[in-house]
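Note sheet for the following structure.
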Amino acid sequence: MTLVLDSEAEELRAAVRRFLADKAPSERVRAVMDGDPGHDPAVWSGLAAQGVLGLVVPEELGGSGAGHVERAVVAEELGRALTPVPFLASAVLAVDTLLALDDDAARAEYLPRLAAGELIGTVAVAERGGEWDRTGGRTTATERDGRWELTGVRTPVLAGDTADLVLVLARTADGPGWFAVDGDAPGLTRDRLGALDPTRRLAGLTFDATPARPLASADPAAALGTVADLAAVALAAEQTGLMQRALELTAEYATLRVQFGRPIGSYQAVKHGCADVYSAWEHAVSVVRHAAWAADHDRAELPVAAALAQTYTGPAAFTAATAMVQYHGGVGYTWEHDAHLFYKRAKSAEQLLGSPAGHRARLAERLGL
């Protein structure tokens, strides 16, 4: 394997960066964070037009037929710009779940629309506390007269308040099973949750005899494991983009801000702190690119690579965002500056797919330690 991206991946990065360069993070985020639907539809449709929402979707199903390396490149750029779009929910979690299942009819129905941005999808598997339960948890699926109904609670759910398609892992009499629920299905209550990160919507979903479509899967728990690993790679890629931009802005400020007659970047505490963040970013890029490569070329290596990526990049991104706030001094603590947006995204992302301690435990288990 190589950690150097090929020319096509670099061209993809450049195209996405140009597309997102029209607004600063604060302008883009503040324009949508308090309203509905919580993202800019023009940005979402623009990403769809560039084919980035279906990068891992086969061409015969309306996708680009690329791979996880390319999707990681896009995730990096979205993280770099703090772009408030449901990419992780729809283009990662929902798409990967459908690809991991064995339901050709569901793939043919949903994947082209997800890739085109016509449908926003998400996955509802977290119980209260945020951990993913492979048994289906306390949400139950019951068959009555040939129809399936779901009852239970899932929280938090990414983009759960606006998703058109919700994929749910629920407990049946025969074990866990996957189900598709329409966003406007009767018996589904969606409550937007207060979240630290204003760039990413979370919701609590309550199912009360909600009609659901069963999805074929030979091993539902194994499918969830694959989805979790692939999501970890995409989220880690997003975090490396955040680290890069936070460091760029901090280094730029350190050369302009003068204290005691000298730029603050000339002081060892700031200089060495920025160097530490740069070193951590380089390490993060390495582990993420290895994990993305494993997703495309060596699925046996993916569980360890994905766990390593999340174990390392979550805390590293939070450290970079903390340094950004600290080295900007007083202005870094103000609402008007972007530093707090980077800080909030980094902190929430660190917990989004499970706690850092949980990621470390999974990595140790997978390494046989």
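Residues: numbered from 1 along the sequence shown.
Looking at H68, its side chain never comes within 3.5 Å of a backbone N or O of V56 through a donor-acceptor pair. Side-chain atoms of R190 come within 3.5 Å of backbone N or O of A163 as a donor-acceptor pair. Distance alone, capped at 3.5 Å, places no donor-acceptor pair between the H290 side chain and the S286 backbone. Between the side chain of R213 and the backbone N or O of A180 there is no donor-acceptor pair closer than 3.5 Å. Judged by distance alone, with hydrogens and angles left aside, the side-chain atoms of T210 form a donor-acceptor pair with the main-chain N or O of D208 at under 3.5 Å. The main-chain N or O of P220 is found under 3.5 Å from a side-chain atom of W178 such that the two form a donor-acceptor pair. The closest donor-acceptor contact from the side chain of S45 to the backbone of A42 lies under 3.5 Å. Remark: the backbone N or O of G137 is paired with a side-chain donor or acceptor of R171 at under 3.5 angstrom. The main-chain N or O of G67 is found under 3.5 Å from a side-chain atom of E70 such that the two form a donor-acceptor pair. Listed for the D102 side chain is a donor-acceptor partner under 3.5 Å among the backbone atoms of A218.
Salt-bridge annotation for D197 and K344: absent, with no side-chain N of the basic residue lying under 4.0 Å from a carboxylate O of the acidic one. Salt bridge present: D229 and R366 bring a charged side-chain N and a carboxylate O closer than 4.0 Å. A salt bridge does not link E365 to R362: none of the charged side-chain nitrogens sits closer than 4.0 Å to a carboxylate oxygen.
Within the model, atoms CE of M243 and NE2 of H283 stand 10.5 Å from one another, a figure rounded to the nearest 0.5 Å. The distance from the CG atom of L230 to the CG atom of L235 is 12.5 Å, given to the nearest 0.5 Å. Here CG of L20 is found 4.5 Å from OG1 of T83. Values are rounded to the nearest 0.5 Å. Taken from CG in L249 to CD in Q244, the straight-line distance is 10.5 Å, to the nearest 0.5 Å. How far CG of D164 is from CZ of R113: 7.5 Å, rounded to the nearest 0.5 Å. H337 contributes atom NE2, which lies 16.0 Å from atom OH of Y343 (distance to the nearest 0.5 angstrom).
Nearest heavy atom pair, residue V92 against residue A231, reads CG1-CA, 3.8 Å. Looking at every heavy atom in both residues, L242 comes nearest to A317 through CD2-O, 4.0 Å. For A115 against G62, the heavy-atom pair with the smallest separation is CB-O, 3.6 Å. Considering every non-hydrogen atom in both W132 and A126, the closest pair reads CD1-CB, 4.0 Å.
Proximity of V16 to V73: side-chain heavy atoms (C-beta onward) are nowhere separated by under 4.5 Å. Side-chain contact between L98 and D103 is absent, with no heavy atoms from C-beta onward closer than 4.5 Å. Counting heavy atoms from C-beta on, the side chains of L302 and V233 come closer than 4.5 Å. A 4.5 Å side-chain heavy-atom check between V325 and F342 finds every atom pair outside the cut-off. No side-chain heavy atom of Q351 sits less than 4.5 Å from a side-chain heavy atom of L196. With contacts defined as side-chain heavy-atom distances shorter than 4.5 Å, the pair C274/L247 qualifies. Two residues are said to be in side-chain contact when any heavy atoms from C-beta on lie closer than 4.5 Å; D40 and P84 fail this criterion. Looking at H39 and I120, their side chains come closer than 4.5 Å, going by heavy atoms from C-beta outward.
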> Should R299 and T226 be marked as a side chain to side chain contact (heavy atoms under 4.5 Å, CB included) after you check the CA-CA gap, both sets of side-chain angles, and the distance that decides it?
Replying inline: CA-CA 9 Å; R299 284 297 176 92; T226 299; 3.8 Å; yes

>> Is there a salt bridge (charged side-chain N to carboxylate O under 4.0 Å, His left out) between R71 and D96? Walk through the geometry before answering.
In response: CA-CA 12 Å; R71 191 171 71 179; D96 287 346; 2.7 Å; yes

> Would L5 and L12 satisfy side chain to side chain contact (heavy atoms under 4.5 Å, CB included), going step by step from the backbone distance to the final call?
Replying inline: CA-CA 11 Å; L5 298 175; L12 174 63; over 6 Å; no

> Please walk me through it: do T319 and D276 pass side chain to side chain contact (heavy atoms under 4.5 Å, CB included)?
Replying inline: CA-CA 10 Å; T319 298; D276 287 342; over 6 Å; no

> Step by step, would you call R30 with W335 a side chain to side chain contact (heavy atoms under 4.5 Å, CB included)?
Replying inline: CA-CA 11 Å; R30 293 168 203 263; W335 177 257; 3.0 Å; yes

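Put simply, the residue from E10, E11, E77 that forms a salt bridge (Lys or Arg N to Asp or Glu O under 4.0 Å) with R17 is E77.
Taking a 6.0 Å sphere around CZ of R192, one finds it holds more than 12 heavy atoms contributed by other residues, nucleotides or ligands. Within 6.0 Å of atom OH in Y278, 12 or fewer heavy atoms from other residues, nucleotides or ligands are found, so the atom counts as exposed in its surroundings. Within 6.0 Å of atom CD in E8, 12 or fewer heavy atoms from other residues, nucleotides or ligands are found, so the atom counts as exposed in its surroundings. Few gaps surround CD on E60; more than 12 heavy atoms of other groups in view lie less than 6.0 Å from it.
Between the side chains of T135 and D133, at least one donor N or O sits under 3.5 Å from an acceptor N or O. Side chain to side chain, E350 and Q239 fail the donor-acceptor criterion of an N or O pair below 3.5 Å.
In the hydrophobic clustering of this structure, V166 does not group with L119; members are Ile, Leu, Val, Met, Phe, Trp, Tyr whose side-chain heavy atoms approach within less than 4.5 Å, directly or through other members. Clustering ILVMFWY residues whenever any of their side-chain heavy atoms sit less than 4.5 angstrom apart, transitively, puts L55 in the very cluster that holds V43. In the hydrophobic clustering of this structure, V277 does not group with Y253; members are Ile, Leu, Val, Met, Phe, Trp, Tyr whose side-chain heavy atoms approach within less than 4.5 Å, directly or through other members. Under the 4.5 Å side-chain contact rule for hydrophobic residues, V227 and L363 do not share a cluster. Residues V168 and L111 fall into different hydrophobic clusters, defined by Ile, Leu, Val, Met, Phe, Trp and Tyr side chains chained together at heavy-atom separations under 4.5 Å.
Ring-plane geometry between W293 and H297 is classed as tilted, the angle between the planes lying from 30 to 60 degrees on a 0 to 90 degree scale. Aromatic ring orientation, W148 versus F179: tilted (interplanar angle from 30° to 60°).
Cation-pi geometry between R262 and Y267 is met: the NZ or CZ atom falls under 6.0 Å from the ring centre, inside 45° of the normal.
Among residues two or more places apart in sequence or in another chain, the side chain to side chain contact (heavy atoms under 4.5 Å, CB included) test is passed with V157 by T122, A124, R154, L205.
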